[in-house]
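Below: one structure, written as structure tokens.
Because the structure is a prediction, the values reported are computed rather than measured. Counting begins at 1 with the first residue of the sequence.
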Amino acid sequence: MGLTSTHWGTYQPKVEQGRITDMQPFSEDPDPSDIGRGFIDVLDAPSRITAPMVRKGWLERKGLVPSGQRGADSFVEVDWQTALDLVAGELDRVRTDYGNQAIYAGCYGWASAGRFHHAQSQIHRFLNCIGGYTKSVNTYSFAAAEVIVPHILGDFRGFIYNQTSWESIIQDGSLFVGFGGIPLKNGQINQGGTGKHIQKQRLLEAHQAGIKFVNISPLQEDILDVVEASWLAIRPNTDTALILGLCYHLLDEGLHNTDFLASHCTGFDKFAAYLTGATDGIAKTPQWAADICGIEAEKIVSLARQMASQPTMISLSWSLTRQAYGEQPIWAGIVLAAMLGQIGLPGSGIGLGYSAVNRVGHNLEQLPFAAMPQGINTVSDFIPVARIADMLLHPGAAFHYNGQQYHYPDIQLVYWAGGNPFHHHQDLNRLVSAWQKPQTIIVHEWCWNALAKHGDIILPVTTPLERQDLGFAPLDNYMISMEAAIPPVGLARDDYTIFSDLARQMDVTEKFTEGRDAEEWQEWLYDVSRQRLAKSGFELPSYHAFREAGWHKLPARQTPEILFEAFRRNPEANRLKTPSGKIEIFSETVASFGYADCPGHPIWQAPPEWLGKQDADYPLHLISNQPRTKLHSQLDQGHISAAAKISGREAVTIHSEDAASRQIKDGDIVRIFNARGSILAGVRISDAIRKGVVLVPTGAWFDPASGQPGLCKHGNPNVLAPDRPTSQLAQGPAAHSCLVDIQAASAADLAEEVCAHQPPEIIRG
Ligand SMILES: Nc1nc2c(c(=O)[nH]1)N[C@H]1C(S)=C(S)[C@@H](COP(=O)(O)OP(=O)(O)OC[C@H]3O[C@@H](n4cnc5c(=O)[nH]c(N)nc54)[C@H](O)[C@@H]3O)O[C@H]1N2
Ligand SMILES: Nc1nc2c(c(=O)[nH]1)N[C@H]1C(S)=C(S)[C@@H](COP(=O)(O)OP(=O)(O)OC[C@H]3O[C@@H](n4cnc5c(=O)[nH]c(N)nc54)[C@H](O)[C@@H]3O)O[C@H]1N2
Ligand SMILES: [Mo]
């Protein structure tokens with residue numbers, strides 16, 4: 001029986017009478033994730049989309065004047081030819097009447113693993129064949145870092161892909177300070193697939209090697225308890241203040257590495273003047289930091305001394321970017337590491353998000369696998385990815401991004417294949433309003449999630465279990481031959497087949513397919529990968545031998561990876577790609593943009609929503625982190641995700657004192673609310689969370705109540721999170737800066753049942 005590769009690992013599906021009854025772990029994986037087992041039972045569940053569907057209100061007017069409310073309408077089942085005619089007709093009408101920039105196809109999101117059936121690659125290639133589309137740039141994961149880090153270190157990808165390996169930390173490290181911890185729940189995932197989960201094993205080896213861990217997080221569970229980390233329960237969104245307090249103390253006690261600052265960095269003097277208060281009259285002392293971040297000054301002093309006295313690795317969780325001014329903790333963290341002067345030395349320095357995904361610190365080469373060629377997008381319009389609702393609500397409005405001003409295009413058609421904006425975007429009630437603006441919304445999906453329910457023309461796609469593919473990820477050394485375990489469910493077709501059919505209708509067949517079918521493309525991708533890898537010294541078997549074998553393992557690196565090792569050794573010969581060639585503690589470029597919310601060096605700014613605001617209406621800080629039991633919204637309808645819910649709703653973790661003062665008990669259903677909306681969730685009381693902080697992981701499918709505007713019955717925290725940019729520099733998402741309050745749910749709140757996983761009303765011919 002063949003294998004399948006997913007973002008959460010490799011599995012061997014067990015098939016009985018045409019149905020998948022088990023997802024057995026891959027023989028090579030010492031720490032397999034349960035998440036993939038969520039596929040069992042959902043492939044042909046009522047939530048599956050089994051035929052093309054068109055929203056009733058749209059079909060009546062064919063997009064010209066949208067009618068009916070998207071998200072609250074019924075659907076009409078149609079045959080494939082009817083659906084394809086409608087899609088091709090709409091694409092042609094909109095590009096002719098408005099131009100291709102009126103088509104938005106950012107399609108942000110994770111879709112499924114598999115090198116060929118990668119939904120975004122397919123849709124972007126197809127749309128480039130018909131004249132292009134408005135695109136999105138950067139990610140929800142760490143947009144703020146993607147834009148700021150090139151100004152500081154010259155390059156973002158190198159920073160994140162060449163992280164110092166666990167091997168180096170285990171051999172030469174001594175202290176590991178994790179801002180946002182080392183969340184093993186996140187290491188279950190690796191974009192594009194993974195053969196072997198390593199994070200837990202490496203963390204345990206590091207503990208056995210005597211490395212001490214510090215978990216700086218509002219959540220104690222952000223690090224495995226057996227490594228006996230000291231827990232500094234920080235107030236959310238105040239890491240920059242804590243880091244400035246640490247930097248101040250290093251400077252004050254002369255513990256900073258002046259040689260490294262002189263030889264490898266620029267602009268320390270300007271930053272030091274800010275630290276001491278010479279520029280703004282406020283000394284960023286440990287006591288100053290303590291008052292903001294809620295960690296005692298003595299602990300800050302002690303941590304600064306410990307960091308300066310031994311090889312220390314600083315890990316900055318990706319979550320730190322997803323908050324107001326999310327550029328700052330990243331920049332400040334790099335400056336702290338620069339002051340310690342350990343960057344480029346074994347086992348120490350700085351890294352972004354150990355265990356954010358399985359590849360961080362995995363001692364592997366980056367593998368140059370081939371991807372589907374995208375062609376050229378002749379439309380130059382773009383948005384920073386998290387500005388989607390702004391774009392739809394304010395066509396023509398100006399926005400800033402990384403030092404320049406741009407304007408939002410006027411979007412008439414949204415085409416989504418892979419990704420779920422009703423999962424990833426903030427302030428979902430605002431998104432629902434923005435989503436009513438375009439004339440037509442086309443969606444490729446396999447399940448009736450909120451994206452599908454909010455579309456006009458819904459084309460049903462296959463899952464990876466229903467198609468053959470190549471399971472290659474650039475930072476994983478297992479190459480998996482993905483085999484179809486079952487035939488496509490209902491009338492589902494893969495994205496490539498759908499776009500090939502559309503290409504035929506729009507006279508771009510040759511351009512889109514280049515005469516290859518799906519299997520021929522996979523062989524092509526394999527052969528190009530094989531040639532590229534050969535140049536890097538990796539020998540691959542032939543395509544057919546690979547398929548026959550089922551998987552192939554590439555060797556790991558011989559020596560431990562150390563980030564910035566060469567730059568450390570010789571900063572002249574290995575200059576960074578910054579204007580100075582050095583680490584920019586002060587950036588003339590960033591300063592020249594004149595952004596008050598992101599000036600020339602890292603600074604502390606109080607977020608619009610945080611506990612220091614002492615907001616009487618919304619006194620609790622909501623963290624909406626990545627879910628342990630699923631990947632974003634994927635497989636929320638499955639039994640693994642269901643097992644973590646409380647009476648069918650997402651769980652909210654709350655401190656015992658915050659629960660007691662609200663007369664809330666474990667297992668109660670509560671309403672969490674702020675001015676943007678409200679959600680229902682089931683209570684889990686804990687003392688492993690900082691008082692004043694509540695946690696609702698992301699991923700529960702958005703389930704708006706019809707009788708109560710703004711209420712999600714199922715517990716999607718993005719109803720509450722603000723749709724506000726990190727700063728004018730990156731315009732990244734800032735979900736983690738969110739205040740709420742909680743009360744017992746009323747009878748009216750509970751009047752409607754949860755129907756997140758049920759299909760909409762369907763009219764069959
Ligand atoms: N509040 C809050 N919000 C957040 C975050 C947070 O921490 N807090 N995190 C953010 C982050 S880091 C991210 S990356 C985003 C993630 O957001 P997304 O990546 O958009 O979320 P997914 O649920 O993975 O969406 C993938 C979608 O693709 C569909 N799909 C799967 N396979 C295929 C296929 O073969 N073809 C097609 N056409 N579709 C397919 C799935 O059914 C699913 O609906 O969320 C962001 N949102
Ligand atoms: N199981 C699972 N794993 C995943 C994903 C998933 O959906 N499910 N998604 C993947 C994706 S797309 C991404 S981008 C990565 C994201 O990886 P991360 O960004 O690391 O993920 P989070 O779980 O949002 O955040 C990690 C921890 O940071 C803490 N935190 C939040 N705010 C603050 C703060 O202000 N200060 C400090 N010090 N800590 C804070 C939270 O307690 C949280 O548990 O995860 C990946 N891994
Ligand atoms: Mo992400």
Side-chain angles (χ1 to χ4, degrees), residues 49 51-64 66-68 70-71 73 75-98 100-109 111 119-136 379 388 391-392 409 411-422 431 434-462 491-506 508 512 760:
I49 308 172
M53 300 279 170
V54 186
R55 184 168 72 83
K56 188 164 165 279
W58 187 90
L59 199 56
E60 282 158 6
R61 316 249 191 118
K62 291 268 164 52
L64 285 171
S67 91
R70 290 195 173 100
D73 211 347
F75 284 84
V76 179
E77 183 177 323
V78 297
D79 60 34
W80 267 108
Q81 196 49 56
T82 306
L84 292 168
D85 288 345
L86 289 173
V87 172
E90 281 302 283
L91 287 170
D92 196 41
R93 179 181 70 81
V94 170
R95 72 172 170 174
T96 309
D97 292 357
Y98 302 93
N100 279 72
Q101 81 294 336
I103 300 172
Y104 179 68
C107 294
Y108 180 78
Q120 286 88 350
S121 303
Q122 297 295 348
I123 187 171
H124 293 154
R125 177 178 166 85
F126 167 72
L127 289 175
N128 285 340
C129 293
I130 64 154
Y133 60 95
T134 291
K135 65 176 184 282
S136 63
V379 172
I388 180 168
M391 169 184 73
L392 296 176
I411 299 301
Q412 306 297 337
L413 185 153
V414 173
Y415 200 155
W416 216 292
N420 179 359
F422 290 87
L431 181 66
W435 207 249
Q436 308 302 327
K437 296 262 177 170
Q439 297 179 355
T440 299
I441 296 179
I442 304 165
V443 171
H444 290 195
E445 255 300 347
W446 67 273
C447 47
W448 279 115
N449 57 17
L451 170 64
K453 286 178 184 169
H454 284 79
D456 296 327
I457 307 174
I458 317 302
L459 304 182
V461 296
T462 52
L491 300 180
R493 294 180 179 174
D494 60 65
D495 297 281
Y496 180 71
T497 303
I498 297 171
F499 289 124
S500 302
D501 288 343
L502 287 171
R504 192 172 335 106
Q505 297 206 197
M506 299 185 78
V508 291
F512 180 70

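Listed for the Arg70 side chain is no donor-acceptor partner under 3.5 Å among the backbone atoms of Asp456. Trp435 places a side-chain N or O within 3.5 Å of a backbone atom of His454 that can act as its donor or acceptor partner. Proximity of a side-chain donor or acceptor of Asn420 to a complementary backbone N or O of Ala450 within less than 3.5 Å is not detected. A donor-acceptor pair is defined here as one N or O able to donate and one able to accept, closer than 3.5 Å; such a pair exists between the side chain of Gln101 and the backbone of Tyr98. Distance alone, capped at 3.5 Å, is enough to place a donor-acceptor pair between the Gln120 side chain and the Gly418 backbone. Remark: the backbone N or O of Ala102 is not paired with any side-chain donor or acceptor of Gln412 at under 3.5 angstrom. Judged by distance alone, the side chain of Arg95 and the main-chain N or O of Gly131 form no donor-acceptor pair under 3.5 Å.
The shortest side-chain heavy-atom distance between Arg493 and Asp501 falls under the 4.5 Å cut-off. Residues Pro52 and Ile457 form no side-chain contact, since every pair of their non-hydrogen atoms from C-beta on lies 4.5 Å or further apart. When side chains are defined from C-beta on, Ile498 counts as touching Trp80, because their heavy atoms get closer than 4.5 Å. Within the 4.5 Å cutoff, side-chain heavy atoms of Val87 are placed close to those of Leu502. Proximity of Leu86 to Trp58: side-chain heavy atoms (C-beta onward) are separated by under 4.5 Å at one or more points. When side chains are defined from C-beta on, Tyr108 does not count as touching Pro421, because their heavy atoms never get closer than 4.5 Å. Side-chain contact between Pro409 and Ile411: present, with at least one pair of heavy atoms (C-beta onward) separated by less than 4.5 Å. Considering only heavy atoms from C-beta on, Lys437 stays 4.5 Å or farther from Met391 through its side chain.
Tyr415 pairs by the ring-ring contact (aromatic ring centres under 6.0 Å, His included) definition with His444, Phe499, not counting sequence neighbours.
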Practice task
Just do the side chain to side chain contact (heavy atoms under 4.5 Å, CB included) check on Ile103 and Leu91 with the steps written out, would you?
Solution key: CA-CA 8 Å; Ile103 300 172; Leu91 287 170; 4.1 Å; yes
Handout entry: Verdict with supporting geometry, Gln505 and Asp85, side chain to side chain contact (heavy atoms under 4.5 Å, CB included)
Key = CA-CA 8 Å; Gln505 297 206 197; Asp85 288 345; 3.0 Å; yes
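By the 30° and 60° cut-offs, the orientation of the rings of His124 relative to Tyr133 is parallel.
Between Phe75 and Trp448, the distance from one ring center to the other falls under 6.0 angstrom.
In this structure, CG on Leu451 lies 7.0 Å from CZ on Phe422, to the nearest 0.5 angstrom. Atoms CG and OG1, from Asp495 and Thr462 in turn, are 7.0 Å apart once rounded to the nearest 0.5 Å.
The two atoms that bring Gly57 and Asp73 nearest to each other are N-OD2, 2.9 Å, heavy atoms only.
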